[in-house]
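As structure tokens, the structure follows; a few thoughts come after it.
Owing to the predicted nature of the structure, the values given are computational and were not obtained by experimental measurement.
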Amino acid sequence: MTRFIFVTGGVTSSLGKGLTAAALGALLQGRGFSVRLRKLDPYLNVDPGTMSPYQHGEVYVTDDGAETDLDLGHYERFTGVPSRRGDNVTTGQIYSKVLAKERRGDYLGATVQVIPHVTDAIKEFVLSDSGGVDFVVCEIGGTVGDIEGLPFLEAIRQLGYELGADRSLFVHLTLVPYLASAGELKTKPTQHSVKELQSVGIKPDIVICRCERTIPLEARRKIALFCNVRPSAVIQGLDVDTIYAVPRAYHEEGLDSEVCRHFGLTAPEPDLSRWDYVTGRIRQPDGEVTIGVVGKYTTLIDSYKSLAEALTHGGVANNVRVKVNWLDSEIFEGEGAIHQLEDVHGILIPGGFGERGSEGKIAAARFARERQVPYFGICFGMQMAVIEAARHLANLPDASSTEFGPTEDPIVGLMTEWTVGNRVERRDTESDKGGSMRLGAYPCVVAAGSHLHDIYGADNISERHRHRYEVNINYRDALERVGMRFAGLSPDGELPEMIELPDHPWFIGVQFHPELKSKPFEPHPLFTSFIEAAVAQSRLM
Ligand code: GLN
């Protein structure tokens, strides 16, 4: 029997609903239950793929090629359960589906309305394809009180009623701010937020209060009284120093036992030793390395969420703290800035789009190659490293990417046709921006005897992609002659997936996004190896 836990948020955004859902999933798993995590996003975009990283942070890509909310990354990192397309839905998708049905005449002449047609489509999504797990934890994006969230709240209200209390539970996350002038923690915003939730017919079973300071017992009792919940169901969510401390913190506050109590379940206490191991290493590392990440969206770190986590995981694997210098690539287009790379122990160029800043990335890749500094190019970062080598090693000064306009030497170009399974995918420059990319998991064959083969310890791998352009295989010979090795190719040999420089201590480019699959307990081998190389570099400096 699948039980459904709905997580809503009030007072403000950015309270960590996603992490709370992920941590709760992990705690239930720790008690021996199977879980799936889902997210309902009330915005009108069909998916976040077309949103600027400044607006929405990272786009998290699943194996089955969906472009989803970054919270799905937390879910996967915390529970190890691979996310799927069906784990994230937006208002845009719900309405597209309802409108398509209306056009087909499926509603048989009915007036199509938010209730019941839109809410039915939302309910169908929540209930579908849960795979018979013990718990589906379903996070509702946005903040209670937002207009666009109303159909979602109405849908989960109905579900609560239809499933009954023994199959559904409502968790509401709020903020208990500390007012310095009053010298007090304030419970009023929580009371108001719960009132708002109750006005749409949802009575929370558990209220989680995010706070910077410990909430006194007295205040918790007050929240329980005003919000109509048991005192033990008022859970304190005190700020912690690392996100990997969240599961233990919630466990100690009694979150998972409160959930079990609600459903009348007895289950063993979760074993949190692997979380303790990770937080222990994060808190007390044996040394530190600095990685320069040369990108475009460096002012909003959420744009590189999975990347930042994967670097931390690489640090955990090597027992060092990874300090990241987020550097705007455009600075390297002017004179004299390149020296800023002199103090870093590794240079990473992450995924990116568009010409702006690309020359700065090429300059950074050149610095790494010439100065023998460990270099990790991810997606755009691989493309820039290949263009750099083509220009400065293979004597192709006009080498460029067709992403930036027509070029004589399209080292990186738009692939217009390739095969997915037994289906041929076609693209052209006019294709819709939403969904015109190579997305999701693709296999890659790793060249025997390569550095990458040592790192992966495998002949065949699968990694997740999100890009329109590809390194042009026609330049392979020219580049291999000057020392760049094409160490990973698509099974048909047409698409270069990984490159390396055998004469460099650590210079690797990959066309996919390995950061999406890294987990605290299972750091991605490329990040483990990159940080190991950075440690070696730090000893030379
Ligand atoms: N802009 C490049 C492309 O579309 C790289 C994309 C990326 O780094 N994810 O191919």
Side-chain angles (χ1 to χ4, degrees), residues 48-49 51-54 56-61 67 70 73 77 289-315 322-333 340-341 344-369 373-388 401 403 412 437-439 463-471 497-499 506-518 523-524 526-531 533-534:
M51 272 190 250
S52 156
Y54 290 120
H56 194 260
E58 168 187 85
V59 175
Y60 189 76
V61 180
E67 296 179 276
L70 59 79
R77 282 188 284 277
V289 293
T290 304
I291 302 298
V293 174
V294 181
K296 188 154 74 174
Y297 314 110
T298 45
T299 49
L300 181 69
I301 303 310
D302 262 5
S303 318
Y304 300 114
K305 193 87 218 160
S306 295
L307 182 73
E309 292 311 318
L311 285 166
T312 303
H313 306 160
V322 178
K323 186 168 158 252
V324 179
N325 276 358
W326 301 97
L327 299 162
D328 181 345
S329 60
E330 277 183 295
I331 61 173
F332 301 118
E333 293 178 359
Q340 292 195 28
L341 292 173
V344 303
H345 308 123
I347 295 172
L348 190 152
I349 300 191
F353 292 85
E355 189 169 15
R356 184 166 66 79
S358 60
E359 289 301 325
K361 293 178 187 177
I362 292 170
R366 181 178 196 174
F367 178 93
R369 177 177 62 77
V373 179
Y375 177 84
F376 193 2
I378 294 180
C379 204
F380 202 63
M382 158 160 156
Q383 297 174 355
M384 295 307 107
V386 176
I387 291 173
E388 190 281 314
S401 167
E403 183 172 0
V412 178
M437 289 199 248
R438 182 148 79 103
L439 285 167
E463 294 278 8
R464 295 183 195 167
H465 292 248
R466 179 174 185 252
H467 52 103
R468 287 190 185 86
Y469 300 85
E470 307 280 348
V471 169
E497 306 282 43
M498 307 198 281
I499 58 97
W506 208 101
F507 194 104
I508 283 173
V510 295
Q511 188 55 74
F512 43 77
H513 290 275
E515 71 275 22
L516 300 176
K517 297 222 301 194
S518 187
H524 192 287
L526 283 172
F527 283 89
T528 302
S529 176
F530 177 55
I531 298 301

Give me each pair satisfying salt bridge (Lys or Arg N to Asp or Glu O under 4.0 Å) with a member in residues 290-299, each pair once, sequence neighbours excluded. none
Verify side chain to side chain contact (heavy atoms under 4.5 Å, CB included) between Gln340 and Ile331, making sure each step is shown before the conclusion. CA-CA 10 Å; Gln340 292 195 28; Ile331 61 173; 3.7 Å; yes
If you compare all heavy atoms of [X] against all heavy atoms of [Y], which two are closest, and at what distance to 0.1 Å?
X      : Y      : answer
Arg438 : Gln511 : NH2-CG, 4.3 Å
Leu516 : Ser306 : CD2-OG, 3.8 Å
Ser401 : Ile387 : N-CD1, 3.8 Å
Pro350 : Leu307 : CB-CD2, 3.8 Å
Tyr304 : Gly351 : CE2-O, 4.2 Å
Ala533 : Pro374 : O-CG, 3.8 Å

Relative to the ring of Phe527, is the ring of His524 parallel (under 30°), tilted (30 to 60°) or perpendicular (over 60°)? perpendicular
Parallel, tilted or perpendicular: which fits the ring planes of Trp506 and Phe376, with parallel below 30° and perpendicular above 60°? perpendicular
Chi angles and distances behind the side chain to side chain contact (heavy atoms under 4.5 Å, CB included) call for Glu309, Glu515: CA-CA 8 Å; Glu309 292 311 318; Glu515 71 275 22; over 6 Å; no
Going by distance alone, is a donor N or O of one side chain under 3.5 Å from an acceptor N or O of the other, for [X] and [Y]?
X      : Y      : result
Arg464 : Tyr60  : yes
Glu58  : His513 : no
Arg356 : Ser329 : no

Any chance you could lay out the salt bridge (Lys or Arg N to Asp or Glu O under 4.0 Å) test for Lys361 and Glu388, step after step, and finish with the verdict? CA-CA 9 Å; Lys361 293 178 187 177; Glu388 190 281 314; over 6 Å; no
Can you measure from [atom1] ([X]) to [atom2] ([Y]) and round to the nearest 0.5 angstrom?
X      : Y      : atom1 : atom2 : result
Ile378 : Gln383 : CD1   : CD    : 12.5 Å
Asn325 : Ile347 : CG    : CD1   : 11.0 Å
Met382 : Phe512 : CE    : CZ    : 8.5 Å
Tyr375 : Arg366 : OH    : CZ    : 14.0 Å
Thr528 : His313 : OG1   : NE2   : 10.0 Å
Leu348 : Trp326 : CG    : CH2   : 8.5 Å

Hey, is Glu403 close enough to Arg468 for a salt bridge, meaning N to O under 4.0 Å? no
What I want to find out is whether Arg466 reaches Glu67 closely enough, with some N-O distance under 4.0 Å, to be called a salt bridge. yes
Could you check whether any side-chain N or O of Ser518 sits under 3.5 Å from a backbone N or O of Pro514, counting only pairs where one atom can act as donor and the other as acceptor? no
Look at the side chain of Glu333 and the backbone N and O of Glu359, then say whether any donor-acceptor pair between them is shorter than 3.5 Å. yes
Under the side chain to side chain contact (heavy atoms under 4.5 Å, CB included) rule, what do Val344 and Val289 come out as? Steps first, then yes or no, please. CA-CA 8 Å; Val344 303; Val289 293; over 6 Å; no
Using side-chain heavy atoms (C-beta onward) and a distance below 4.5 Å, is [X] in contact with [Y]?
X      : Y      : answer
Ile508 : Ile499 : no
Leu341 : Phe332 : yes
His465 : Leu439 : no
Thr290 : Val322 : no

Salt bridge (Lys or Arg N to Asp or Glu O under 4.0 Å) with Lys305: which residues, sequence neighbours excluded? Asp302
Scan Val294, Leu327, Val293 and name whichever one has a side chain to side chain contact (heavy atoms under 4.5 Å, CB included) with Ile349. Val294
